[in-house]
Amino acid sequence: MRLRTYILVILFIGIALFSKGLFNGFVGDDDLQIQRNIKVHSFTNLPLFFSGSTYENGGAQSTFGLFYRPIMMTSFSLIYSIFGPNPFFFHLFQISLHILNTFLLFLFLRYLFKDKIAFLLSLVFLVHPINSEAVLYSANLQEVLFFFFGIIALLILQRSNSIKGILLVSLSILFSFFSKESGILFLLSCILYSYIFPKSKNEMKVLLGYLLSAFGVYLFFRYVVAHMYTANSSLAPISHASLLVRLQNIPSIIFYYLKMFFFPLNIGGYEFWIVRSINFANFWYPLLVVVIFLALIVCGFLWVIKKYPKNSKLYLLFMFWFGIGLLLHIQIIPLDATVADRWFYFPIVGLLGMIGIILSQIYSHIKSKKVKVIWWLGISLIILALAVRTFIRIGDWHDPLTLYSYDIKNSPSNFILDNAYGQALIKNNYFHTARIYLERSVKEHPYSANLNNLAIVYAAIDKKDLAEEYFKKAIIAGQNFSVYENYANFLMYFESQDKALAFAKEGVKIFPESPVLWQDIALIEYNKGDKKNALYAIARSYKLSPTD
């Protein structure tokens with residue numbers, strides 16, 4: 001087939017598979033990163049995206065959180081400024097970018113493999129269920145963004161030896177860094193690619209200089225401009241575990257990704273489990289599987305060196321790609337979850353590349369036309385099965401209630417997932433069911449969000465004393481603007497207008513950009529007959545959130 005045909009087939013399959021996801025709603029962190037994040041509602045706030053994190057906090061600071069993702073925030077702002085809070089266009093952008101990433105990956109692989117092999121590997125990348133989280137969850141846009149700029153850098157490196165080309169490579173790597181710190185993976189891949197497919201010493205020096213300069217610019221913006229240091233405030237239990245405990249989780253972590261790659265059946269989210277004691281099921285068995293798999297990778301490398309030495313460097317490239325992708329996500333550096341499907345978006349290419357080299361050599365020795373037909377039929381059925389599983393998973397992401405009701409059955413129960421499901425139940429007025437999950441979440445690990453949600457449930461089921469108790473606990477647990485908004489509303493409807501007004505005014509001192517608090521002030525002032533202050537407050541609320 002011609003290049004145009006391959007591209008059209010990828011486009012057709014991508015649209016056919018993911019079009020259902022265009023009509024999904026916002027879920028999870030989409031709320032605080034997009035819907036209620038006032039900063040991204042106007043593109044004039046562009047400089048703020050390079051000087052803070054990703055989560056809205058009612059104006060207490062620019063943005064807060066663990067992550068430095070200015071390109072993601074810029075993308076959110078651009079989409080919101082044009083289309084408003086319509087999830088369709090956020091999904092359209094992210095799905096389109098994933099399909100574009102598949103095009104670019106095909107072009108990259110086409111330079112290294114025969115067209116058919118490159119095409120099949122790219123199709124697996126396109127439809128594999130383990131990539132669905134990175135494609136369907138708007139708050140994870142950074143995964144497809146950092147990959148997009150990184151693969152562009154490698155494509156330019158493949159095809160250009162000029163200074164201009166090297167400059168474009170370094171700029172692409174910089175944008176990959178600005179999308180996610182995992183851009184370091186593409187920086188290392190570019191360096192290795194240049195050694196495997198040699199350039200002149202002068203070109204290598206220039207390339208290294210430009211790449212290190214791009215890394216330096218990123219570090220300057222992250223640490224000097226945004227003051228985003230490495231302090232860990234994640235709720236994930238593993239992020240607070242000792243290095244020894246994290247190390248004993250490595251076999252189970254790698255086993256998880258291998259299982260999800262080869263048998264992606266029970267896909268879930270919010271994976272916050274932790275291996276605290278060593279036994280056969282959670283350590284020795286995963287370790288055995290991982291050791292066997294790594295031995296197979298090494299044997300494959302030795303086989304290629306002996307039988308097909310021309311491909312040994314290519315195998316080394318993909319082995320390195322897979323290895324560094326895993327290394328970043330096996331908890332040597334503590335992360336904000338134990339495992340996450342989105343974190344395999346980069347390593348999967350390395351694994352596919354090694355498999356592609358082995359399969360292409362095996363296929364080259366097949367002489368029987370009948371066997372070749374069976375070969376292609378088998379591969380087609382595998383890709384179809386992966387696509388069907390992804391299509392089903394797309395339906396899970398339809399809305400928060402659908403997603404969490406599925407995930408809570410297929411993932412080990414944990415306080416963060418219990419809280420997320422409880423919050424989804426609240427929004428659908430299932431307060432008594434929500435109470436079960438939220439009480440369990442609070443019992444395991446009380447923090448501001450689950451205390452706040454449990455207080456809302458108690459207020460809804462007419463347990464006012466418990467509601468007020470848990471609102472106060474939530475305030476003590478952390479400075480969360482949602483808690484202040486909910487408690488102000490509670491005081492307004494269940495206590496006195498004066499108490500609510502005093503609390504809301506204290507709240508806007510801490511969270512000056514909370515439209516809900518300003519709206520509460522406006523309502524109370526109007527009820528008290530102070531129309532001048534009511535008008536001022538509602539004007540502030542409208543300016544902050546005109547679509548509310």
Query raised in the report: On the ring face of Phe67, is Lys180 found with NZ or CZ under 6.0 Å from the centre and within 45° of the axis?
Result: no
Query raised in the report: For Glu181, which residues count as a salt bridge (charged side-chain N to carboxylate O under 4.0 Å, His left out) partner, sequence neighbours excluded?
Result: Arg69, Arg222
Report task. Might you confirm whether atom CG of Asp465 has over 12 heavy atoms from other residues, nucleotides or ligands at distances under 6.0 Å? Result -> no
Query - His445 and Phe415 aromatic ring geometry - parallel, tilted or perpendicular at 30°/60° bounds - result: tilted
Query raised in the report: If you take all heavy atoms of Ser277 and Gln248, which pair is closest and at what distance?
Result: N-NE2, 3.7 Å
Report summary line: The ring pair (Phe, Tyr, Trp, His ring centres under 6.0 Å) partners of Tyr526 (sequence neighbours excluded) come to none
Report summary line: With sequence neighbours left out, the residues meeting salt bridge (charged side-chain N to carboxylate O under 4.0 Å, His left out) with Asp530 are none
**Report entry** Gln142: partners by side-chain hydrogen bond (donor to acceptor under 3.5 Å, both in side chains), with sequence neighbours left out
**Finding:** Asn140
Report task. Anything under 30° is parallel, anything over 60° is perpendicular, the rest tilted; go ahead and classify Trp397 against Tyr137. Result -> tilted
Query raised in the report: Can you name the salt bridge (charged side-chain N to carboxylate O under 4.0 Å, His left out) partners of Lys463, sequence neighbours left out?
Result: none
Query - Leu438 and Ile426, any side-chain heavy atoms less than 4.5 Å apart - result: yes
Query raised in the report: So with a 6.0 Å cut-off around CZ of Phe43, is the heavy-atom count from everything else above 12?
Result: yes
Query - Contact list for residues 41-51, test salt bridge (charged side-chain N to carboxylate O under 4.0 Å, His left out), sequence neighbours left out - result: none
**Report entry** Distance flag, aromatic centroids of Phe83 and Phe88, threshold under 6.0 Å
**Finding:** no
**Report entry** Whether Phe26 and His91 hold their rings parallel, tilted or perpendicular, with breakpoints at 30° and 60°
**Finding:** tilted
Query raised in the report: Salt bridge between Glu525 and Lys532, side-chain N to carboxylate O under 4.0 Å?
Result: no
**Report entry** Check: His98 ring centre within less than 6.0 Å of Tyr345 ring centre
**Finding:** yes
Report task. Return each pair, listed once, that meets salt bridge (charged side-chain N to carboxylate O under 4.0 Å, His left out) where at least one residue sits in residues 484-495; pairs must be two or more places apart or across chains. Result -> Arg36-Glu485, Glu495-Lys499
**Report entry** Aromatic contact, Phe146 with Phe186 (centres under 6.0 Å)
**Finding:** yes
Query raised in the report: Within a radius of less than 6.0 Å around NZ of Lys20, do more than 12 heavy atoms belonging to other residues, nucleotides or ligands occur?
Result: yes
**Report entry** Nearest-0.5 Å distance, OH of residue Tyr437 to OH of residue Tyr430
**Finding:** 13.0 Å
Query - Listed once per pair and sorted, the salt bridge (charged side-chain N to carboxylate O under 4.0 Å, His left out) pairs that draw on residues 421-441, sequence neighbours left out - result: Asp418-Arg440, Arg435-Glu439
Report task. Of all the heavy-atom pairs spanning Ser448 and Ala477, show the shortest one and how long it is. Result -> N-CB, 3.8 Å
Report task. Check whether any side-chain heavy atom of Leu335 lies under 4.5 Å from a side-chain heavy atom of Ile238, and answer yes or no. Result -> no
**Report entry** N/O donor-acceptor pair under 3.5 Å between Asn486 side chain and Val483 backbone
**Finding:** no
Query raised in the report: Is Leu46 atom CG crowded by more than 12 heavy atoms from other residues, nucleotides or ligands, each under 6.0 Å away?
Result: yes
Query raised in the report: Phe503 and Tyr484: aromatic ring centres closer than 6.0 Å?
Result: yes
**Report entry** Partners passing salt bridge (charged side-chain N to carboxylate O under 4.0 Å, His left out) against Asp462 (at least two apart in sequence or in another chain)
**Finding:** Lys464
Query raised in the report: Taking atom types as modelled, is there a side-chain donor on Asp399 or Thr402 under 3.5 Å from an acceptor on the other?
Result: yes
Query raised in the report: So how far is it from Asn249 CG to Arg246 CZ, rounded to the nearest 0.5 Å?
Result: 9.5 Å
Throw together a table of side-chain donor-acceptor distances under 3.5 angstrom for residues 123-135, partners on residues two or more places apart or in other chains.
from, atom 1, to, atom 2, distance (Å)
His128, ND1, Ile130, N, 3.1
His128, NE2, Phe261, O, 2.8
Asn131, ND2, Phe125, O, 2.9
Ser132, OG, Pro129, O, 2.6
Glu133, OE1, Asp341, N, 3.3
Glu133, OE1, Arg342, N, 3.1
Glu133, OE2, Arg342, NH1, 2.9

Query raised in the report: When you check the side-chain N and O atoms of Ser441 and Asn419, is any donor under 3.5 Å from an acceptor?
Result: no
Requested in this report: Look at the aromatic rings of Phe221 and Phe178 and report parallel, tilted or perpendicular, splitting at 30° and 60°.
Outcome: perpendicular
**Report entry** Heavy atoms of other groups near Phe175 CZ, more than 12 under 6.0 Å
**Finding:** no
Query raised in the report: Is Gln497 reaching over with its side chain to a backbone N or O of Met492, donor-acceptor style, under 3.5 angstrom?
Result: yes
Requested in this report: Decide if the gap between the ring center of Tyr404 and the ring center of Tyr270 is smaller than 6.0 angstrom.
Outcome: yes
Query raised in the report: What distance do Ser81 atom OG and Ile79 atom CD1 have between them, rounded to the nearest 0.5 Å?
Result: 10.0 Å
Query raised in the report: Backbone N or O of Ala424 within a donor-acceptor pair of the Asn428 side chain at under 3.5 Å?
Result: yes
Requested in this report: Kindly say whether Ile71 contributes a backbone atom to a donor-acceptor pair with the side chain of Ser75 at under 3.5 angstrom?
Outcome: yes
Query raised in the report: With a 4.5 Å limit on heavy-atom distance, are the side chains of Tyr68 and Tyr218 in contact?
Result: yes
Query raised in the report: How long is the gap from CG on Leu403 to CD1 on Ile408, to the nearest 0.5 Å?
Result: 10.5 Å
Query raised in the report: Any side-chain heavy-atom pair from Asn37 and Met73 closer than 4.5 angstrom?
Result: yes
Query raised in the report: Is there a donor-acceptor contact under 3.5 Å linking the side chains of Asn480 and Asn452?
Result: no
**Report entry** Residues, nucleotides or ligands: over 12 heavy atoms within 6.0 Å of Phe431 CZ
**Finding:** yes
Report task. Look at the rings of Tyr285 and Phe255 and say which category their plane angle falls in: under 30° parallel, 30 to 60° tilted, over 60° perpendicular. Result -> perpendicular
Query - Exceeds 12 heavy-atom contacts within 6.0 angstrom, atom CZ of Phe263 - result: no
Report task. Can you run down the salt bridge (charged side-chain N to carboxylate O under 4.0 Å, His left out) pairs that involve residues 470-484, sequence neighbours left out, and say none if there aren't any? Result -> Glu468-Lys472, Glu469-Lys473
Report task. Measure the acute angle between the ring planes of Phe490 and Phe471, then classify it against the limits of 30° and 60° as parallel, tilted or perpendicular. Result -> tilted
Query raised in the report: With Arg393, which residues qualify under side-chain hydrogen bond (donor to acceptor under 3.5 Å, both in side chains), at least two apart?
Result: Asp396, Asp407
